Amino acid sequence: MVKKMRIENLCVNRLYGDVAGATTRGHKIAVKGGYIYQTFQGGYTLTPLGWSVVRKIENIIREEMNNIDGQEMLMPVVCGADLWKETGRYDSMDNIAKFKSRSGADYVICPTHEEVVTDYARSVIKSYRQMPFMVYQIQTKFRDELRVRAGLIRTREFIMKDGYSFHETQEDLEKYYKRCFDAYYKIYKRCGLKNVTDVMSATGDMGGKIAHEFQLINEMGEDTLYICDCGFRANKELEETDSSVCPKCGKQLNKVRGIEIGNIFQLGKKYTDSMHMTYTAEDGTEKTPTMGCYGIGVSRVMAAIIEESADDNGPIWNMATAPFTVEVIGLVDKENKTMPLAEKIYNDLKSEGIEVLLDARDNRAGEKFADADLIAAPIRLIVSTKNLANNQIEVKYRVNDHDTSDLPNTIDVNNYVDTIKDLISKLS
RNA sequence: CGGGGUGUAGCGCAGUCUGGUAGCGCGUUUGUCUGGGGGGCAAAAGGUCGCGGGUUCGAAUCCCGCCACUCCGACCA
């Protein structure tokens with residue numbers, strides 16, 4: 001899936017002026033850069049640019065989930081109401097969108113998939129030998145939230161990675177829970193998120209006893225976190241009692257804002273009990289498995305990256321998440337030497353399997369640079385008469401997870417492919 | 001769902017109070033000059049002024065109803 005594109009054909013609308021209704025920096029940039037387009041209140045179209053970022057985040061998540069033995073699958077978005085009535089959540093959850101078919105049957109648009117996955121698992125699992133296992137999916141969810149906020153930070157429709165594990169014992173669940181916990185930190189790091197922490201959280205609609213949220217500490221966050229020097233960390237819902245004192249050590253709690261970018265739960269037997277999922281244990285008796293679930297708001301992660309890493313001109317991706325690896329900009333010259341060379345570099349990089357964007361428009365430099373900042377390819381090549389006079393191509397970097405001070409500012413016009421491949425690996 | 005706000009050209013807005021033939025900036029198209037951080041000049045295209053009803057000789061403007069969007073709150077990946 002090698003992506004290459006001329007900028008004028010990229011079906012994305014970058015804005016010049018103000019973005020009406022955007023309250024956070026990240027929301028503004030996401031709209032201004034043309035990553036997202038609001039289709040309705042709480043529902044965004046991911047443009048070719050935004051979707052390519054989301055796909056990269058998804059693939060990072062896939063790799064890390066597969067690394068902890070997760071098995072990817074896909075469940076239906078819409079579900080008959082029966083499964084939800086089995087657990088009682090059809091009536092107890094407020095944000096389920098419900099509708100009736102023409103024949104009058106009740107349906108829900110799944111806000112999460114515990115019921116659906118448990119129904120599947122109980123049809124598959126007969127023996128203790130089949131456990132433990134974890135299945136996950138990356139899929140669109142819909143929650144009829146009362147209020148939306150800040151672009152992709154809080155929407156009604158969103159993309160979520162949801163994983164579900166099944167175990168014989170609480171000990172085994174806890175062991176796996178820890179593996180997943182660690183995998184989450186790897187995911188966020190690979191996505192380029194920096195200020196991530198975990199807090200104990202309330203279990204809410206999901207049920208169970210133990211739950212953790214992964215939070216990006218950021219002023220724009222809608223969650224309030226309480227953090228203590230002794231290591232105690234909790235979110236507001238859990239720690240709403242005497243909010244100023246740590247329940248562990250008695251010291252003063254620090255209050256910070258966070259964007260929730262993941263949530264994991266030790267569910268216990270809430271679903272397996274109510275949905276009568278059993279297996280035959282080693283001793284021959286029928287037993288009920290215990291369960292964990294693991295969510296990441298994928299589209300929200302993209303929003304969180306922009307919220308955390310951006311300058312006044314646009315987002316700052318890393319190599320793993322940027323929509324293009326390299327952008328080649330040809331600056332107009334009278335002799336018409338720069339554009340043919342820009343085209344050649346573009347084609348050469350393309351055939352090397354590098355995701356590359358070409359800006360060879362007959363526009364002024366300022367506009368091209370502004371667009372480049374919004375698209376934010378980590379490596380920017382500028383072909384101009386100025387540097388061509390010395391047989392050089394200028395190179396600029398847009399990353400914040402690597403020191404680029406030792407990297408070259410120009411590249412020899414006769415040997416750019418190897419140099420660029422080397423730069424890509426250095427910045428990855 | 002409560003309380004505010006807004007709907008006028010692709011985007012951002014003025015005009016509404018005080019009714020009288022639809023405006024500005026940016027973008028788009030054409031020409032031209034320019035050419036390293038969103039440039040200049042000239043011309044052109046583009047609107048049932050959110051929708052429905054009412055008042056009036058005449059409604060973007062006044063009245064009634066509806067819808068959408070948005071901000072703050074309650075709710076949550």
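All values below were derived from every heavy atom in this structure, side-chain atoms included, with hydrogens, water molecules and symmetry-related copies excluded. Being a predicted model, the structure only gives us computed values, none of them experimental. Reminder, nothing fancy here: chain letters follow the sequence lines and each chain counts from 1.
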Short side-chain donor-acceptor distance under 3.5 Å, A:Glu394 and A:Thr410: no

A:Thr87 side chain to A:Glu114 side chain, donor-acceptor N/O pair below 3.5 angstrom: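 Absent: no donor and acceptor within the cut-off.
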
Interface with RNA chain B, restricted to residues 358-366 of chain A and to heavy atoms under 4.0 Å: A:Asp362, A:Asn363, A:Arg364, A:Ala365, A:Gly366

Partner nucleotide, any strand, of B:rC41 [Watson-Crick/G-U, under 3.5 Å]: B:rG31

Rounding to an integer number of Å, can you tell me how far [X] [atom1] sits from [N] [atom2]?
{"X": "A:Phe369", "N": "B:rG35", "atom1": "CZ", "atom2": "P", "result": "15 Å"}
{"X": "A:Glu367", "N": "B:rC26", "atom1": "CD", "atom2": "P", "result": "13 Å"}
{"X": "A:Phe265", "N": "B:rA77", "atom1": "CZ", "atom2": "P", "result": "6 Å"}
{"X": "A:Glu335", "N": "B:rG35", "atom1": "CD", "atom2": "C1'", "result": "13 Å"}
{"X": "A:Leu146", "N": "B:rA77", "atom1": "CG", "atom2": "C1'", "result": "15 Å"}

Among all residues two or more places apart in sequence or in another chain, which pass the salt bridge (charged side-chain N to carboxylate O under 4.0 Å, His left out) test with [X]?
{"X": "A:Asp69", "value": "A:Arg179"}
{"X": "A:Glu64", "value": "A:Arg190"}
{"X": "A:Asp119", "value": "A:Arg122"}

How far does the [atom1] atom of [N] sit from the matching atom of [M], given to the nearest Å?
{"N": "B:rA60", "M": "B:rG50", "atom1": "C1'", "answer": "12 Å"}
{"N": "B:rG39", "M": "B:rG27", "atom1": "P", "answer": "6 Å"}
{"N": "B:rG15", "M": "B:rA9", "atom1": "C1'", "answer": "15 Å"}
{"N": "B:rG40", "M": "B:rG25", "atom1": "P", "answer": "11 Å"}
{"N": "B:rG7", "M": "B:rC66", "atom1": "C1'", "answer": "14 Å"}
{"N": "B:rC72", "M": "B:rA77", "atom1": "C1'", "answer": "23 Å"}

Polar side-chain contact A:Lys334-B:rG35 base: donor and acceptor under 3.5 Å: yes

First of A:Arg156 and A:Ala20 reached from the 5' end of RNA chain B, by closest nucleotide: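 Closer to the 5' end of RNA chain B: A:Ala20.
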
5'-most by nearest nucleotide on RNA chain B - A:Leu15 or A:Gly42: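 Closer to the 5' end of RNA chain B: A:Leu15.
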
Within the structure shown, what part of the strands sits under 4.0 Å from [X] by heavy-atom distance: base, sugar-phosphate, or nothing?
{"X": "A:Ser299", "value": "nothing"}
{"X": "A:Asp312", "value": "nothing"}
{"X": "A:Glu260", "value": "sugar-phosphate"}
{"X": "A:Asp371", "value": "base"}
{"X": "A:Asp373", "value": "base"}

NZ (A:Lys85) with more than 12 external heavy atoms under 6.0 Å: yes

Which residues share a ring pair (Phe, Tyr, Trp, His ring centres under 6.0 Å) with [X], sequence neighbours left out:
{"X": "A:Phe158", "result": "none"}
{"X": "A:Trp317", "result": "A:Tyr35"}
{"X": "A:Tyr44", "result": "none"}

Residues which pass side chain to side chain contact (heavy atoms under 4.5 Å, CB included) with A:Asn415, listed by chain and number, not counting sequence neighbours: A:Asp418, A:Thr419

Anything under 3.5 Å between a protein N or O and an N or O of nucleotides 67-69 of chain B, put it in a table, one pair a line.
from   : atom 1 : to      : atom 2 : distance (Å)
B:rC69 : OP1    : A:Gln41 : N      : 3.0
B:rC69 : O3'    : A:Gln38 : NE2    : 3.2

Pair A:Trp84-A:Cys110, side chain to side chain contact (heavy atoms under 4.5 Å, CB included): steps then yes or no: CA-CA 9 Å; A:Trp84 292 79; A:Cys110 294; 4.0 Å; yes

Nearest listed nucleotide, side chain of A:Arg380, among B:rG35, B:rG37, B:rA77: B:rG37

Distance below 4.0 Å between A:Asn263 side-chain N/O and B:rA77 OP1 or OP2: yes

